[in-house]
Amino acid sequence: MAYTYDPQNIFARILRGEIPNKTVAETAHTLVFHDINPHAPVHVLAIPKGPYVNFDHFAAEASVEEIVDFHRTVASVIADLGLAGEAGYRAITNAGMSGMQEVPHYHLHILGGRVLGRLVGPA
Ligand code: 5GP
């Protein structure tokens, strides 16, 4: 599969410091920040710093170091935000047309702080 990355997408611009963000955590390979339009009391987005358009691109082409860093950082944020264990959370990623992905830079939504309802609602 050949992936085309648009370097002008909004998260690429956030990574370049062209657009501000409310950072929750940052490492060499990963940035976690608050979603501008939260759908739950906690709604953060975790993105790799590398140019990956979606989950399958990241999983196929990122280095082991990037993949481990991303997931360990997300786990640490989940703990820091009080979502680990009983409280719980939902981690979602949207891809392409069916997933209605808006921003073509891989991101994982982490939502929590209330009961989130069923996984899939009406389109
Ligand atoms: P998608 O539909 O691509 O899975 O989700 C994109 C998410 O990015 C949406 O939840 C939207 O609110 C968020 N978003 C879009 N533009 C910005 C922005 O400039 N800053 C932040 N923090 N979030 C954004």
Side-chain angles (χ1 to χ4, degrees):
M1 169 81 197
Y3 296 94
T4 306
Y5 181 80
D6 170 14
Q8 293 311 322
N9 79 76
I10 204 115
F11 294 169
R13 299 186 62 203
I14 284 176
L15 285 169
R16 289 196 296 269
E18 295 168 11
I19 294 175
N21 74 93
K22 289 189 181 164
T23 299
V24 175
E26 181 166 14
T27 68
H29 298 295
T30 306
L31 180 68
V32 185
F33 54 98
H34 290 280
D35 195 293
I36 205 167
N37 181 25
H39 283 71
V42 177
H43 186 176
V44 300
L45 302 170
I47 65 173
K49 290 187 174 178
Y52 305 105
V53 299
N54 59 22
F55 169 77
D56 49 280
H57 187 195
F58 181 66
E61 295 187 8
S63 67
V64 168
E65 199 184 337
E66 290 175 290
I67 291 171
V68 170
D69 180 271
F70 181 80
H71 290 93
R72 293 272 159 82
T73 303
V74 169
S76 152
V77 165
I78 284 167
D80 291 348
L81 294 176
L83 305 179
E86 186 107 346
Y89 59 90
R90 182 168 292 154
I92 303 172
T93 188
N94 297 314
M97 214 167 48
S98 295
M100 296 183 71
Q101 180 178 8
E102 282 175 22
V103 181
H105 181 114
Y106 172 46
H107 50 283
L108 193 61
H109 298 256
I110 310 293
L111 299 128
R114 68 167 169 82
V115 174
L116 294 161
R118 297 281 172 203
L119 181 59
V120 180

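Counting starts at 1 for both ligands and their atoms, in listed order. All values reported here derive from a predicted model rather than from experimental measurement.
Listed by chain and number, the residues in a side chain to side chain donor-acceptor pair (under 3.5 Å) with T23 are N21 (sequence neighbours excluded). Applying the salt bridge (charged side-chain N to carboxylate O under 4.0 Å, His left out) test to R13 and every residue at least two apart in sequence or in another chain returns E18.
Pairs passing the side-chain hydrogen bond (donor to acceptor under 3.5 Å, both in side chains) check and including a residue from residues 100-123, sequence neighbours excluded, read Y5-H105, H43-H109.
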Show the distances, to 0.1 Å, for all pairs joining an N/O atom of ligand 1 and a protein N/O atom that are shorter than 3.5 Å, listing one pair per line.
| unit_1 | atom_1 | unit_2 | atom_2 | d |
| --- | --- | --- | --- | --- |
| ligand 1 | 2 (O) | E102 | N | 3.4 |
| ligand 1 | 3 (O) | E102 | N | 2.7 |
| ligand 1 | 3 (O) | V103 | N | 3.0 |
| ligand 1 | 3 (O) | H107 | NE2 | 2.9 |
| ligand 1 | 4 (O) | N94 | ND2 | 2.8 |
| ligand 1 | 4 (O) | H107 | NE2 | 2.8 |
| ligand 1 | 4 (O) | H109 | NE2 | 2.8 |
| ligand 1 | 5 (O) | H107 | NE2 | 3.2 |
| ligand 1 | 5 (O) | H109 | NE2 | 3.4 |
| ligand 1 | 10 (O) | D35 | OD1 | 3.3 |
| ligand 1 | 10 (O) | D35 | OD2 | 2.5 |
| ligand 1 | 12 (O) | D35 | OD1 | 2.5 |
| ligand 1 | 22 (N) | H34 | O | 2.9 |
| ligand 1 | 22 (N) | I36 | N | 3.4 |
| ligand 1 | 23 (N) | I36 | N | 3.3 |

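Under the side chain to side chain contact (heavy atoms under 4.5 Å, CB included) rule, H71 has a single partner from I67, V74, T73, V68, which is I67.
A donor-acceptor distance shorter than 3.5 angstrom exists from the side chain of K49 to the backbone of T27, with no hydrogens or angles considered.
A donor atom on one side chain and an acceptor atom on the other are found under 3.5 Å apart for D56 and Y3.
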